[in-house]
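For reference, the structure discussed in these notes is given below.
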Number of protein chains: 2
Amino acid sequence: MLKKTNPSFLNGVPELLVLKLLSRREMYGYEIVRAIQVETREAFSFGEGCIYPYLHYLESEKMVASRRKEVEGRSRNYYQITPRGGKRLDELSAEWNRVAGGIALLLGGQHA
Amino acid sequence: MLKKTNPSFLNGVPELLVLKLLSRREMYGYEIVRAIQVETREAFSFGEGCIYPYLHYLESEKMVASRRKEVEGRSRNYYQITPRGGKRLDELSAEWNRVAGGIALLLGGQHA
DNA sequence: AGCTGATACCTTATGCTGTGAGGTAGTGTC
DNA sequence: GACACTACCTCACAGCATAAGGTATCAGCT
């Protein structure tokens, strides 16, 4: 589903951010959507229509696991990252560094 | 054609790189395709089917101008950046910094 | 002379990905 | 009992890059 000649990273950012957030603590979908906005200081604002399908995909790939939990009179699907998801996170992080590095090579050069 | 709620930057990378390259010197299409591979150390490798349409689009928007030139027995379309293209480059650079910064905020945090 | 491969340009069909708009349902407040 | 927020979900649509195709010229080889 991934694997291209070019880093599939110009699209796959949501996957990276979701896995990273889950690597820190168990979270539920709605919370993730908000967290991405807040923690990137509005640099990103992926819609629910993007994040939910990603969570389902990640779960089907055993990158994350979910469990139903009742909190504050609310029923929520909490997601945890799996070891496989952790490996995936490492891969995506490395690829992001490659991408950001590549652009820095061209943009950087002679100023801040 | 651009303008979204989210930075349209996860796709618009080619536009940024093309403008940046042209801001340094006059270049032709084929050369740009190669330069992106080489100067990003293979981090990116956009195909001709991506770059040529971009050049045409940029020209139609007066971001770049072109002229036919005979060099080494070859006929080439050389492109130069215009003042408008320069402004666009500044905008895209700023947006890239926002994006890269946003991801760094999440990824960075508490380790290297 | 004929072939191959590189240069140089171009276009099209296809596919992935996120958006935007929708829809359900429960909770809390005024 | 109306409204807003939480929490989940889906689908039609569109942007963007890819892969694969096409044309033509030039250099080198045999």
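Lettering of chains follows the sequences in order, A, B, ..., and the numbering in each one begins at 1.
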Hey, does the side chain of [X] come within less than 4.0 Å of [N]'s phosphate (OP1/OP2), counting only N and O?
X	N	result
A:Y28	D:dA7	yes
A:H56	D:dC8	no
B:R34	C:dT7	yes

Notebook entry, point to check: Are A:V71 and A:R76 side-chain neighbours, meaning at least one heavy-atom pair lies under 4.5 Å?
Noted result: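 The answer is yes; the side chains approach within 4.5 Å.
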Checklist line | Student check: side-chain heavy atoms of B:Y57 and B:Y52 closer than 4.5 Å | finding: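 Contact flag for B:Y57/B:Y52 side chains = no.
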Nearest-Å distance, [atom1] ([X]) to [atom2] ([N])?
X	N	atom1	atom2	value
A:Y30	D:dC5	OH	C1'	6 Å
A:M27	D:dA7	CE	P	11 Å
A:Y79	D:dC9	OH	C1'	10 Å
B:R68	C:dC9	CZ	P	7 Å
B:I51	D:dT18	CD1	C1'	12 Å
A:Y52	D:dT10	OH	C1'	12 Å
A:L92	C:dT17	CG	P	12 Å
A:R67	D:dC8	CZ	P	13 Å

Of all the nucleotides listed ([options]), which has the minimum atom distance to the side chain of [X]?
X	options	answer
A:N77	D:dT18, D:dC9, C:dG26	D:dC9
B:R76	C:dA8, D:dA7, D:dC9	C:dA8
A:R74	D:dT25, D:dA7, C:dT19	D:dA7

N-O pairing of [X] and [Y] below 4.0 Å:
X	Y	answer
A:R88	A:E15	yes
B:R34	B:E39	no
B:E26	B:K69	yes

Notebook entry, point to check: How would you label the contact of B:Y54 with the nucleic acid (heavy atoms, under 4.0 Å): base, sugar-phosphate, or nothing?
Noted result: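 B:Y54: backbone/sugar contact only, no base atoms under 4.0 Å.
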Next item on the list: Determine the contact category for A:G49: base if any of its heavy atoms lies under 4.0 Å from a base atom, sugar-phosphate if only primed atoms, P, OP1 or OP2 are that close, otherwise nothing.
Entry: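 The residue A:G49 makes base contact.
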Checklist line | hbond_proxy B:E48 side chain to C:dC9 base (donor-acceptor, 3.5 Å cutoff) | finding: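 Indeed, a donor on one side and an acceptor on the other fall under 3.5 Å apart.
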